[in-house]
Engineer: 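Could you have a look at this structure, given as structure tokens, before my questions?
We count residues from 1, following the sequence as given.
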Amino acid sequence: MATPLSDTASDTPLSPLKTVAVVGLGTMGTGIAEVLAKAGREVIGIDISEAAAAKAVAALESSTARAVERGRLTEEERAEALARVRTFTDLQAAADADLVIEVAPESYEVKQQIFRELDGIVRPETILATGTNALSVTRLAADSARPERVLGLHFFNPAPAMRLVEVVSSVLTAPTAVTAVTNLALDLGKEPVAVGDRPGFVADGLLFGYLNQAAAMYEAKYASREDIDAAMRLGCGLPMGPLALLDLIGIDTARRVLEAMYAESHDRLHAPAPILKQLSEAGLTGRKSGRGFYTYEAPGSATVVRDALTPLDGAALTSGRTVRSVGVAGSGTMASGIAEVFAKAGYAVVLAARSEEKAQAAKARIGKSLSRSVDKGRMTAEAAAQTLDLITAAGSYDAFADVDLAVEAVAEDLEIKRQLFATLDKVCKPGAVLATTTSSLPVVACARATSRPQDVIGMHFFNPAPAMKLVEVVRTVLTADDVHATVREVCGRIKKHAVDCGDRAGFIVNALLFPYLNNAIKMVQEHYATLDDIDAAMKLGGGYPMGPFELLDVVGLDVSLAIEKVLHREFRDPGLAPAPLLEHLVAAGCLGRKTGRGFREYARR
């Protein structure tokens, strides 16, 4: 039986969509029903399964009870919200709805059948919305008797918590329908972004390409699942690593979305990695099955348990070399940041540059950084003074004669780095470890500039080095085991999280980050969505700390273009070719915040 409607006229929001039917009461449908009910809408929940409808009601009761416990709802508000939700097993119940939101399984056949039935049930002016994230809204609209009233309304899971809603128009959608649902989303406290009809829309369109590349990286045994996930969490500030996120979304769901994207784009970056098919067909679909890329305590559990692929704690097979003193080559922000990190950990540091003046300026920059730490209460003035005393500024690399580890942090130019490594080869004592901080150039090319390539390794810090916890440890085919062990041990001492990867362009982070940024640029270039909507979509829908265009302007468009070119040259994939818009902006001198203009304009200081 239906629950009677409650009288909420005095609290009714301004949007004319007052009665909303939600078709499909799975996790997403139930979440949308909760959002609508809390916002004063009359909700008609419809599912062909009585059990699903009952489960949805129980879930609503439970979630609203938690909201009361946390002080987010009063008991009276909870009772009123629950009274606004009625459940049915027949589509006829949608007859009085102003809006129908369909969140049935991702199948054209299922969704088309629902839309055909709704055509004979709802009023002519009723708006029909699909919650799909992978299927064509245009195709669904074309099969409807009133295609101008059909659009996409893509909520994100969990709907009560996630603020983003993508409002998807087809070429057939009437502007009045778009306006009505956009206003509804605002009334619900959501952030609507307007997008066109293509698989994945904005957030999933960018997210799933990135997830697919991470799966392919793991499948190629380039890096472990733990290192890939840690690299993206610590290197980019993401709430979850890509493989853990695939397990949460459902590997079968991700594969289906990617197949829809590839069918339209024919971009190899969207072609589902074979491992996604293998895991899906084996029933290893992620958390919901209890096993995917990781193994979980039970189906539906979020608790990861050890399995055959879990690395052993502290399982170093080789002892490292002793490191007491460290040389840092360079005078820029990265060099001074790395020197500060080592000095804070108690190492004697030689900070060398091409001149005494540059080296002293770099040491002075470290002094200012330490003073800021003192002002913020992160260290005492005495500790700051002791740290600075551990750093010796030198105007020649000859000062590296006795260091145990030399870390290069000069310009990202291969010839400059090769010349420096040839110098380090002559200056540094036998057995010293030589490391490059390159983010995209081949480490082995630096190694081959020396007579001891076995002593050379990549040690890629992230900027700002004192704050960022990640170091990518890059072995070449020539790197000795004890050199690798040395750097891993040093990372532990300086309190950095080391991840292992091989010597190929972009390593882990940049190889996954920059194709995502490039695809965002292509969306703007194709007039698919605005800068602001794309940035909002990725922050609100993907949990990213910065939108792609905010990040590009911070990194520098010239730096981004250089990395894109390296990735394209290494992997020869047409989908990795730098977006022409990025090349045009760089050619025009619009490099981001550092020039006052990039994708956006900035006030000059």
Engineer: Keeping D413 on the side-chain end and I416 on the backbone end, is there a donor-acceptor pair under 3.5 Å?
Structural biologist: yes
Engineer: Checking salt bridge (Lys or Arg N to Asp or Glu O under 4.0 Å) against R475, which of D481, D503, D500 comes through?
Structural biologist: D481
Engineer: Check whether the side chains of T295 and D307 place a donor and an acceptor atom closer than 3.5 Å, and report yes or no.
Structural biologist: yes
Engineer: List the atom of G235, the atom of F462, and the distance in Å for their closest heavy-atom pair.
Structural biologist: O-CD2, 4.3 Å
Engineer: Would you say the ring centers of F507 and Y222 fall short of 6.0 Å from each other?
Structural biologist: no
Engineer: Are V433 and V487 close enough, and set up right, to give a side-chain contact (heavy atoms from CB on, under 4.5 Å), and what steps lead you there?
Structural biologist: CA-CA 8 Å; V433 174; V487 170; 4.2 Å; yes
Engineer: Within a strict 4.5 Å, meaning less than it, do heavy atoms of the D229 and S224 side chains meet?
Structural biologist: no
Engineer: Taking G547's backbone N and O only, do any of them form a donor-acceptor pair with E550's side chain (distance below 3.5 Å, no angle check)?
Structural biologist: yes
Engineer: Apply side-chain contact (heavy atoms from CB on, under 4.5 Å) to residues Y602 and R597 and explain how you reach the verdict.
Structural biologist: CA-CA 6 Å; Y602 300 88; R597 184 177 175 188; 5.8 Å; no
Engineer: Regarding E526 and K522, does a basic nitrogen lie under 4.0 Å from an acidic carboxylate oxygen?
Structural biologist: no
Engineer: Passes ring pair (Phe, Tyr, Trp, His ring centres under 6.0 Å), Y516 versus Y544? Steps please.
Structural biologist: CA-CA 12 Å; Y516 148 77; Y544 283 59; 5.1 Å; yes
Engineer: Atom CD1 of I251 and atom OG1 of T285: how far apart are they, to the nearest 0.5 Å?
Structural biologist: 7.0 Å
Engineer: Considering only residues two or more places apart or on different chains, which pairs with a residue in residues 245-272 satisfy ring-ring contact (aromatic ring centres under 6.0 Å, His included)?
Structural biologist: Y262-H266
Engineer: Which one of L470, L551, V509, L512 satisfies the side chain to side chain contact (heavy atoms under 4.5 Å, CB included) criterion with C236?
Structural biologist: V509
Engineer: Any side-chain heavy atom of Y210 sitting closer than 4.5 Å to one from L238?
Structural biologist: yes
Engineer: For residues S451 and D425, is any side-chain donor paired with an opposing acceptor at under 3.5 Å?
Structural biologist: yes
Engineer: Using the rule given for salt bridge (Lys or Arg N to Asp or Glu O under 4.0 Å), can you reason through E570 versus R504, listing the C-alpha separation, both sets of side-chain angles and the distance that settles it, and then say yes or no?
Structural biologist: CA-CA 8 Å; E570 172 117 339; R504 75 180 198 190; 5.9 Å; no
Engineer: Does the pair K429 and D404 meet the rule for a salt bridge (Lys or Arg N to Asp or Glu O under 4.0 Å), with working shown?
Structural biologist: CA-CA 8 Å; K429 66 185 181 184; D404 302 306; 2.7 Å; yes
Engineer: Scan side-chain atoms only and decide if R225 and T310 contain a donor-acceptor pair under the 3.5 Å cut-off.
Structural biologist: yes
Engineer: Please lay out, stage by stage, how R321 and D455 fare under the test salt bridge (Lys or Arg N to Asp or Glu O under 4.0 Å).
Structural biologist: CA-CA 11 Å; R321 303 175 188 179; D455 291 342; 2.9 Å; yes
Engineer: When you look at CD of E356, are more than 12 heavy atoms from neighbouring residues, nucleotides or ligands closer to it than 6.0 Å?
Structural biologist: yes
Engineer: Say whether, by atom type as modelled, one donor and one acceptor occur between the side chain of D247 and the main chain of F293 under 3.5 angstrom.
Structural biologist: yes
Engineer: Is K594 salt-bridged to D558, cutoff N-O under 4.0 Å?
Structural biologist: yes
Engineer: Salt bridge between E340 and K368, side-chain N to carboxylate O under 4.0 Å?
Structural biologist: no
Engineer: Could you check M217 against I508 for side-chain contact (heavy atoms from CB on, under 4.5 Å), going step by step and ending with a plain yes or no?
Structural biologist: CA-CA 8 Å; M217 180 181 280; I508 296 174; 4.0 Å; yes
Engineer: Look only at the side chain of E219 and the backbone of I275, and say whether a donor-acceptor pair between them is shorter than 3.5 Å.
Structural biologist: yes
Engineer: Counting C-beta onward and ignoring hydrogens, is there a side-chain heavy-atom pair between L246 and Y218 closer than 4.5 Å?
Structural biologist: no
Engineer: So does R488 have more than 12 non-hydrogen atoms from other groups sitting under 6.0 Å from CZ?
Structural biologist: yes
Engineer: Does anything in residues 339-368 pair up under ring-ring contact (aromatic ring centres under 6.0 Å, His included), and if so which pairs, sequence neighbours excluded?
Structural biologist: F342-Y347
Engineer: Any side-chain to backbone donor/acceptor pair from S369 onto R365? Under 3.5 Å, distance only.
Structural biologist: no
Engineer: Taking the side chain as C-beta and beyond, is there a heavy-atom pair between V328 and V326 under 4.5 Å?
Structural biologist: yes
Engineer: Over all heavy atoms of both residues, which pair between P272 and E259 is shortest? Give the atoms and the distance, please.
Structural biologist: CG-CG, 3.5 Å
Engineer: Can you give me the closest heavy-atom contact between D227 and A498, atom names plus distance?
Structural biologist: OD1-O, 4.2 Å
Engineer: Work out which heavy atom in A329 is nearest to a heavy atom in L420; give both atom names and the distance.
Structural biologist: CB-CD2, 3.9 Å
Engineer: How long is the straight-line distance from OH of Y294 back to CG of L284, given to the nearest 0.5 Å?
Structural biologist: 15.0 Å
Engineer: Between T479 (side chain only) and V456 (backbone N and O only), is there a donor and an acceptor less than 3.5 Å apart?
Structural biologist: yes
Engineer: Where the side chain of Q454 meets the backbone of L478, is there a donor-acceptor pair that is under 3.5 Å apart?
Structural biologist: no
Engineer: Using only atom types and a distance under 3.5 Å, with no angle test, would you say the side chain of R418 pairs donor to acceptor with the backbone of A445?
Structural biologist: yes
Engineer: Inspect the surroundings of CG in D573 and state if more than 12 heavy atoms from other residues, nucleotides or ligands are less than 6.0 Å away.
Structural biologist: yes
Engineer: Less than 4.5 Å apart, side chain to side chain, heavy atoms only: is that true for T436 and M459?
Structural biologist: no
Engineer: Could you walk me through whether R287 and E297 pass salt bridge (Lys or Arg N to Asp or Glu O under 4.0 Å), step by step?
Structural biologist: CA-CA 9 Å; R287 284 191 191 181; E297 200 170 50; over 6 Å; no
Engineer: Taking the side chain from N212 and the backbone from L269, do they hold a donor-acceptor pair closer than 3.5 Å?
Structural biologist: yes
Engineer: Going through the distances and angles, do K344 and S373 end up as a side-chain contact (heavy atoms from CB on, under 4.5 Å)?
Structural biologist: CA-CA 12 Å; K344 281 179 174 175; S373 294; 4.2 Å; yes
Engineer: Let me confirm one number: the NZ-OH distance from K426 to Y397, rounded to the nearest 0.5 Å.
Structural biologist: 14.0 Å
Engineer: Would you check if I391 and I366 make a side-chain contact, meaning some heavy-atom pair closer than 4.5 Å?
Structural biologist: yes
Engineer: If I take atom CD from residue E564 and atom CG from residue L567, how far apart are they, to the nearest 0.5 angstrom?
Structural biologist: 6.0 Å
Engineer: May I ask you to test the Q525-H584 pair for a side-chain heavy-atom distance under 4.5 Å?
Structural biologist: no
Engineer: Could R600 and F549 be counted as a cation-pi pair, given that NZ or CZ must be under 6.0 Å from the ring centre and within 45° of the axis?
Structural biologist: no
Engineer: Got a sec: does the CZ of R306 have more than 12 other heavy atoms crowding it under 6.0 Å?
Structural biologist: yes
Engineer: Would you indicate whether the side-chain heavy atoms of L561 and E583 approach each other to under 4.5 Å?
Structural biologist: yes
Engineer: Donor-acceptor check, side chain of T437 to backbone of E408, threshold 3.5 angstrom: yes or no?
Structural biologist: yes
Engineer: Compare every heavy atom of S560 with every heavy atom of L552, then report the nearest pair and how far apart it is.
Structural biologist: CD2-OG, 3.5 Å
Engineer: NE2/H497 to CE/M468 distance, rounded to the nearest 0.5 angstrom?
Structural biologist: 13.0 Å
Engineer: Supply the atom-to-atom distance R569 CZ to S440 OG, rounded to the nearest 0.5 angstrom.
Structural biologist: 8.5 Å
